[in-house]
Amino acid sequence: MKINYFYPHIMMLAMSLFAACGHHAHDEHDHDKHSEETAHDHDEHEDGDEEHKAPGEVVFTLEQARMAGVRVEAARKGDFRSVVHTGGRILPAPGQEMTAAASAEGIVTFAHPSLSEGTEVQKGQTLFTISARNIQNGDPIEKAKQTYEAAQREYQRAEELVKDHIISQKDYEQRRLDYLNARTAYEALANRSTEAGVRIVAPMKGYVKTLAVRPGDFVSLGQTLATLSQNNSLVLQAELPESMMSRLADINSANFCTPADGRVYPLSELNGRLISKSQSVNDEGYLPLLFRFDNRGSMVAGAYVEVYLLGQSQSDVLSLPCSALTEEQGHYFVFRKLSDEHYLKCEVQTAATDGQRVSIAHGISEGDSIVVAGAMQIKLASLSSVIPEGHSHH
């Protein structure tokens with residue numbers, strides 16, 4: 001009887017639980033189906049966005065361009081001079097160097113301990129002193145003084161003797177000459193003598209290019225102690241390859257690039273002028289060309305440089321600043337601006353460069369907007385697999 005009493009209640013409870021489970025399973029099925037559809041739609045949207053991006057196109061936001069200093073220039077045709085790319089060297093200009101030599105023998109001492117190559121000096125400034133007081137030959141100033149005084153006495157005596165015709169006029173003239181020479185030698189030393197020794201002064205204003213001695217060295221009369229240079233004018237010696245000899249007549253100017261700062265210097269902006277063209281080939285197979293120019297920078301003689309020899313001007317040539325080019329495995333590329341945030345990577349074929357601009361044979365057209373500053377930053381963005389900040393698929 002008890003079983004019959006509870007049976008209807010048990011059946012009702014079982015039916016309720018079954019209904020709840022069925023409703024929950026249906027909700028989970030609908031949720032999974034909705035998630036799959038959403039993911040499918042998102043994937044399709046992403047695929048569609050990539051389809052709209054052309055091969056070689058790079059997304060670079062306005063903020064990124066501002067921070068990278070991106071600058072765009074329209075490609076234009078114009079005059080471009082023929083170029084021979086070669087090497088060269090900066091040399092001192094004639095008359096721009098002088099030597100300071102020893103005017104006495106002895107032990108050399110630097111007037112200033114800080115004197116070194118590159119030190120700027122003024123004309124007449126004391127560079128060295130030379131003393132011979134503690135060496136075997138003795139003090140040259142004292143010896144010159146004794147020679148001068150002896151010659152002076154002989155000359156004064158000869159003046160009296162020649163009046164009485166005791167000595168000939170020829171002997172008198174010889175003693176007079178000896179006296180004048182001895183006086184000149186003594187005064188030359190005495191005027192530059194100090195307690196420390198004979199002073200050696202700078203013969204010109206400039207800077208010390210080379211030092212040939214060290215403190216404490218023994219020097220002989222006439223020995224070079226230092227070389228001074230004014231460095232106001234310099235000479236560019238360019239080497240034209242023998243194979244380019246036919247271009248020699250056309251060349252009249254040049255640009256050069258110093259390895260120290262990588263900067264290109266046009267001779268036209270440095271009052272440069274061609275001063276010599278060699279007509280014979282040297283032992284290395286080159287024809288030297290010499291250009292003189294004003295040193296308006298920090299260039300020094302002796303530096304090796306890259307040289308771009310400039311010949312005849314050619315018209316209607318498409319060219320870009322060298323900063324527009326990027327290089328990958330021997331191929332050159334530029335970036336053409338498509339819109340505010342889109343750039344297209346274009347391979348170009350170059351013809352020649354004068355160090356500042358490069359002529360373009362193929363790859364772009366006149367009027368194209370080309371990135372001439374900040375191209376390297378855009379290149380790095382094109383190589384990155386990360387979507388640039390600010391770009392989305394919306």
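Between Phe256 and Tyr308, the ring centre distance reaches or exceeds 6.0 Å. Tyr343 has its ring centre no less than 6.0 Å from the ring centre of Phe335.
The 12-atom threshold is not exceeded at CD of Glu242, counting heavy atoms of other residues, nucleotides or ligands nearer than 6.0 Å. Atom CZ of Arg247 has more than 12 heavy atoms from other residues, nucleotides or ligands within 6.0 Å. Within 6.0 Å of atom CD in Glu366, more than 12 heavy atoms from other residues, nucleotides or ligands are found, so the atom counts as buried in its surroundings. For Arg76, the CZ atom counts as densely surrounded, since its 6.0 Å shell holds more than 12 non-hydrogen atoms of other residues, nucleotides or ligands. Open room surrounds OH on Tyr286; 12 or fewer heavy atoms of other groups in view lie less than 6.0 Å from it. In the displayed structure, Lys277 atom NZ is contacted under 6.0 Å by more than 12 heavy atoms of other residues, nucleotides or ligands.
Note that the CG atom of Leu274 and the CG atom of Leu289 stand 6.0 Å from one another [nearest 0.5 Å]. Going from atom CD of Gln223 over to atom CD1 of Ile130 covers 8.5 Å, rounded to the nearest 0.5 Å. Ile107 contributes atom CD1, which lies 11.0 Å from atom OG1 of Thr129 (distance to the nearest 0.5 angstrom). Between the OH atom in Tyr332 and the CD atom in Glu327 there is a gap of 5.5 Å [rounded to 0.5 Å].
Between Lys170 and Glu173, none of the side-chain N atoms (NZ, or NE/NH1/NH2) sits under 4.0 Å from a carboxylate O, so this pair counts as no salt bridge. Under the 4.0 Å criterion applied to side-chain N and carboxylate O atoms, Glu73 and Arg357 are assigned as salt-bridge partners.
In this structure, Val59 and Gln64 have side chains that are not in contact, with every pair of non-hydrogen atoms separated by 4.5 Å or more. Here the side chains of Val213 and Phe128 are in contact, with some heavy-atom distance below 4.5 Å. The shortest distance between side-chain heavy atoms of Leu127 and Leu225 does not fall below 4.5 Å.
Donor-acceptor pairing under 3.5 Å is recorded for the side chains of Gln237 and Glu239.
When each of Glu117, Glu97, Gln96 is checked for a side chain to side chain contact (heavy atoms under 4.5 Å, CB included) with Lys209, only Glu97 meets the rule. Just one of Val334, Val72, Thr326 meets the side chain to side chain contact (heavy atoms under 4.5 Å, CB included) condition when paired with Val371; it is Val72.
Residues passing the salt bridge (charged side-chain N to carboxylate O under 4.0 Å, His left out) test with Lys345 are Glu328, sequence neighbours excluded.
Following chains of ILVMFWY side-chain contacts shorter than 4.5 Å, one can reach Tyr179 starting from Tyr172, so the two form part of one hydrophobic cluster.
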